[in-house]
Amino acid sequence: MELKQLYAHELSKHIGESLTVTELEELIEKPKYAKQGDLAFPCFALAKIKRQSPVEIAKGLAQVIHHTLFAKIEANGPYVNCFFDKHQVSAAWMKQILLKGNHYGDVQVGNGEQITIDFSSPNIAKPFSMGHLRSTVIGNALANIVEKCGYHAVRINHLGDWGTQFGKLITAYKHWGVEEKVRANPIPELLKLYVEFHEKAIESPALEDEARAWFKKLEDGEAEAHQLWEWFRDVSLQEFNRIYELLGIHFDSYHGEAFYNDKMERTVELLQEKGLLSPSKGAEVVRLDEYDLPPCLIKKSDGATLYATRDLTAARYRQDTYHFAKAIYVVGQEQQLHFRQVFLTLEKMNYPWAKDMVHVPFGFILKNGKKMSTRKGKVVLLEKVIEEAIELAAKNIEAKNPTLKNKHEVAKQVGVGAIIFQDLRHERQNHIEFSLEGMLKFEGMTGPYVQYTHARACSILANAAAQAIQPSAIGLTDDYSWAVIKQLMAFPNAIETAFKQFEPSEIAKYVFQLSQEFNKYYNQVKVLQADEHMQGRLALVQCVTIVLKEGLRLLGLKAPESM
RNA sequence: GUCCCAGUAGCUCAGCUGGAUAGAGCAACAGCCUUCUAAGCUGUGGGUCGCAGGUUCGAAUCCUGCCUGGGACGCCA
């Protein structure tokens with residue numbers, strides 16, 4: 001923030017060499033209360049160096065600091081509080097936002113380098129549950145944020161499309177499957193078959209052998225096995241795509257586990273060549289004793305590879321293909337150990353890019369304080385919840401704005417927005433207690449609240465345009481505008497923090513706060529009132545729509561102009 | 001047993017690299033629509049910041065120990 005630099009610079013002129021400008025900048029903070037100004041410099045550190053009372057130092061500094069952009073410098077106890085010239089600063093910032101439009105807040109840390117983001121990654125033939133929602137929504141937001149920061153995002157859906165379960169699935173299908181049923185209702189049918197297999201296998205263990213045999217055939221590329229596998233994969237993907245479509249999320253790659261099958265051997269060879277492999281209880285592992293970690297398992301005792309092998313292979317493939325500057329994995333926190341092992345193994349393989357691997361873990365969705373179990377069939381289906389949210393949004397529109405055009409589209413945007421926002425407003429590491437109620441809430445800290453704020457603002461702009469009134473970045477000085485301006489100024493900062501911490505909730509919190517300030521403003525100030533400040537107020541409103549829309553976009557929400 | 005994460009208002013959560021009076025949203029109660037969309041705004045009540053020590057001018061924030069909850073810990077992913 002340039003004003004902070006400016007303040008640090010001005011302070012530095014009177015402080016001398018005891019603290020550098022950057023040190024000062026780090027000390028300067030944003031006061032808690034508006035009465036305390038726009039920036040505050042606490043004098044404790046200085047007091048220690050100069051062996052003077054901080055209160056005295058503050059008093060002294062307050063008297064000597066002057067700048068045209070500062071309206072007032074005030075000593076308040078041990079703090080030197082700085083008040084900006086609202087007229088000048090607000091005019092300048094509004095002008096900047098209007099000029100940059102949706103590029104306001106762009107942060108140039110990246111320079112077109114690629115960042116791969118591995119997220120969503122559902123398992124074929126299994127329902128898309130609430131649990132997958134987190135990875136999907138967080139990953140997508142991170143991809144948007146990363147792009148906002150100057151990188152190129154590669155969205156990768158690492159599908160769970162391989163493994164012994166396909167042997168079981170094929171076996172079950174051959175015994176009890178009906179093609180038409182699967183075709184009509186793929187995932188539920190396939191899941192039913194999968195469950196049936198497990199039930200029957202308890203009584204007739206021969207099924208397990210059969211399943212193993214089918215999986216072996218699949219691995220050997222036998223025609224029928226491969227054809228069935230491909231079919232299961234296709235129909236599952238079609239269902240997933242329906243959900244991605246609803247959520248407005250797309251991927252650049254669907255290379256899942258199966259894709260790496262023929263590339264695994266090379267990874268094992270490389271590990272061998274580098275002398276990292278050691279036998280252990282019949283298996284092949286990479287020891288990580290020096291890190292005080294359990295070994296990374298590469299090959300089972302029967303010679304088959306494991307998921308660590310697959311992740312190592314995928315990492316190498318992605319580096320070769322995309323030359324990523326960072327490779328992000330949006331995967332649940334229960335896999336933290338696994339990723340540490342994989343990343344350290346890459347490091348032992350001497351890949352310089354091993355340091356660019358990052359696991360972005362997130363908490364579970366809990367039900368009654370416990371992890372939701374897929375096994376017990378008590379899964380809540382995401383699609384159902386989305387549909388319910390859309391329906392509720394439609395009902396609201398009917399009640400509150402029945403003449404709205406494209407009702408259906410808006411209902412979709414609002415319903416989906418509620419669900420995405422409900423997830424992203426929480427810090428990703430925290431567990432989330434599953435709450436249908438929470439996802440179907442449109443008031444308070446919700447997506448619809450922010451969308452509604454945006455729509456209200458748009459409505460003012462539309463009314464103004466109808467009267468041929470143009471916004472103009474004229475300075476505003478009242479407290480309500482100023483609160484909004486300050487919030488607008490904080491946008492780039494929110495983005496930077498979100499990027500540095502891989503934390504979309506920073507943006508969610510930000511757009512909510514901006515909405516709050518704007519709604520207060522809206523309630524207190526009549527924008528379209530013909531006086532000399534009207535065009536300035538209009539500019540403020542327009543800035544708010546720009547920033548809200550862009551913030552929502554980063555989170556993956558649409559911003560309808562009316563609702 | 002070892003390691004990781006969390007414990008703030010009745011509920012769900014903020015609180016930035018320690019700083020000035022502990023903050024929202026739900027829920028409860030009381031107000032505000034002849035005026036730009038009331039999916040909004042205003043007000044009231046509600047907190048030993050898990051417990052105990054320590055670091056210092058100052059700790060919800062940093063360190064140690066303990067308690068509670070969740071998770072991970074070799075052939076599943």
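By convention in this document, chain letters (A, B, ...) are assigned in the order of the sequence lines, proteins followed by strands, and residues within each chain are numbered from 1.
- At least one cation-pi condition fails for A:K168 and A:F166: the charged atom is not both under 6.0 angstrom from the six-membered ring centre and inside a 45 degree cone around its axis.
- More than 12 heavy atoms of other residues, nucleotides or ligands shown are found within 6.0 angstrom of NZ on A:K263.
- For the C1' atom pair drawn from B:U44 and B:C57, the interatomic distance equals 37 Å after rounding to whole Å.
- Contact of A:S301 with B:C75 (side chain to base): a donor-acceptor pair of N or O atoms is detected under 3.5 Å.
- Among the protein residues, A:E257 comes within range of the sugar-phosphate backbone only, with heavy atoms under 4.0 Å from sugar or phosphate atoms but none that close to a base.
- Pair check for B:C49 finds none; no Watson-Crick or G-U wobble contact set falls under 3.5 Å.
- Among the protein residues, A:L337 comes within range of the sugar-phosphate backbone only, with heavy atoms under 4.0 Å from sugar or phosphate atoms but none that close to a base.
- Residues A:F197 and A:L207 are in side-chain contact: their nearest non-hydrogen atoms beyond the backbone lie under 4.5 Å apart.
- Going from the P atom of B:U61 to that of B:G74 covers 35 Å, rounded to whole Å.
- With B:A20, B:G40, B:A39 as the choices, the nucleotide that has an atom nearest any side-chain atom of A:P448 turns out to be B:A39.
- Residue contacts shown for A:K441 are limited to sugar-phosphate atoms, with no base heavy atom under 4.0 Å away.
- With a 6.0 Å cutoff to the six-membered ring centre and a 45° limit on the axis angle, A:R456 counts as a cation-pi contact of A:Y522.
- Nucleotides B:C63 and B:G47 have their P atoms positioned 29 Å apart, rounded to a whole Å.
- Here B:G7 sits opposite B:C67 as a Watson-Crick or G-U wobble pair (both hydrogen-bonding atom distances under 3.5 Å).
- Residues A:T453 and A:K299 each lie close to RNA chain B; by heavy-atom proximity, the contact nearer the 5' end of the strand is made by A:T453.
- Below 30°, between 30° and 60°, or above 60°: for A:H132 and A:F128 the angle between ring planes is between 30° and 60°, a tilted geometry.
- For A:Y452 against B:A39, no side-chain N or O and base N or O form a donor-acceptor pair under 3.5 Å.
- You'll find that the side chain of A:K32 is closest to B:A20, out of B:A20, B:A39, B:A77.
- In this structure, of B:A20, B:C75, B:U42, it is B:U42 that holds the atom nearest to the side chain of A:K520.
- Using a 30° and 60° split on the angle between ring planes, A:Y317 and A:Y260 fall in the perpendicular class, above 60°.
- Look at B:U17: it lacks any Watson-Crick or wobble partner with both distances under 3.5 angstrom.
- For the 3.5 Å distance criterion, the side chains of A:Y449 and A:N519 qualify, holding a donor opposite an acceptor.
- In this pair, A:F502 and A:F499 present their aromatic rings perpendicular. The plane angle is above 60°, beyond the 30 to 60° band.
- The side chain of A:V414 lies closest to B:A39, out of B:U37, B:A39, B:C76.
- Residue A:L306 is classed as a sugar-phosphate contact, given heavy-atom separations below 4.0 Å to backbone atoms only.
- Distances were taken from every side-chain heavy atom of A:K526 (C-beta onward) to each of B:C36, B:U21, B:U56; the shortest belongs to B:C36.
- The distance from atom CZ of A:R456 to atom P of B:C33 is 15 Å, rounded to the nearest whole Å.
- Nucleotides B:C32 and B:G70 place their P atoms 48 Å apart, quoted to the nearest Å.
- If you look at A:Y307 and A:W162, their ring centroids are not closer than 6.0 Å.
- For B:C26, the glycosidic angle deviates from 0 by more than 90°, giving an anti base.
- B:A22 and B:A28 are spaced 28 Å apart, taking the P atom of each and rounding to whole Å.
- Comparing the C1' positions of B:G45 and B:A52 gives a spacing of 32 Å, expressed to the nearest Å.
- The side chain of A:F364 has B:G71 as its nearest neighbour among B:G71, B:G25, B:C36.
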Discussion item. Does the protein touch nucleotides 10-15 of chain B at the base, only the backbone, or not at all? Give it as B, S and - per nucleotide, heavy atoms under 4.0 Å.
Written reply: --SSSS
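- With distances taken from any side-chain atom of A:K48 to the nucleotides B:G74, B:G25, B:C57, the minimum falls on B:C57.
- For A:Y522, whose side chain is taken as the heavy atoms from C-beta onward, the closest listed nucleotide among B:C41, B:A38, B:A39 is B:A38.
- The separation between A:N401 atom CG and B:A38 atom P is 11 Å, rounded to whole Å.
- Taking atom C1' on both nucleotides, B:G40 is separated from B:U21 by 28 Å, rounded to a whole Å.
- B:C29: Watson-Crick or G-U partner is B:G43, with both key distances under 3.5 Å.
- Judged by Watson-Crick or G-U wobble contacts below 3.5 Å, the nucleotide B:U12 has B:A24 as its partner.
- Remark: A:W482 pairs with no residue by the ring pair (Phe, Tyr, Trp, His ring centres under 6.0 Å) rule, at least two apart or across chains.
- Between the side chain of A:S280 and the base of B:G74, a donor-acceptor pair under 3.5 Å is found.
- B:A27 and B:A60: their C1' atoms are spaced 25 Å apart (whole Å).
- Remark: B:C73 base-pairs with B:G1; criterion is Watson-Crick or G-U wobble with both hydrogen-bond distances under 3.5 Å.
- In this structure, B:U35 forms no base pair with any nucleotide, since neither Watson-Crick nor G-U wobble geometry is met with both distances under 3.5 Å.
- In this structure, A:E437 and A:P42 both approach RNA chain B, and ranking their closest nucleotides by distance from the 5' end singles out A:P42.
- Between B:U37, B:A39, B:G74, one nucleotide has an atom nearer to the side chain of A:N396 than all others, and that is B:A39.
- Nearest to the side chain of A:Q335, among B:G23, B:A77, B:A39, sits B:A77.
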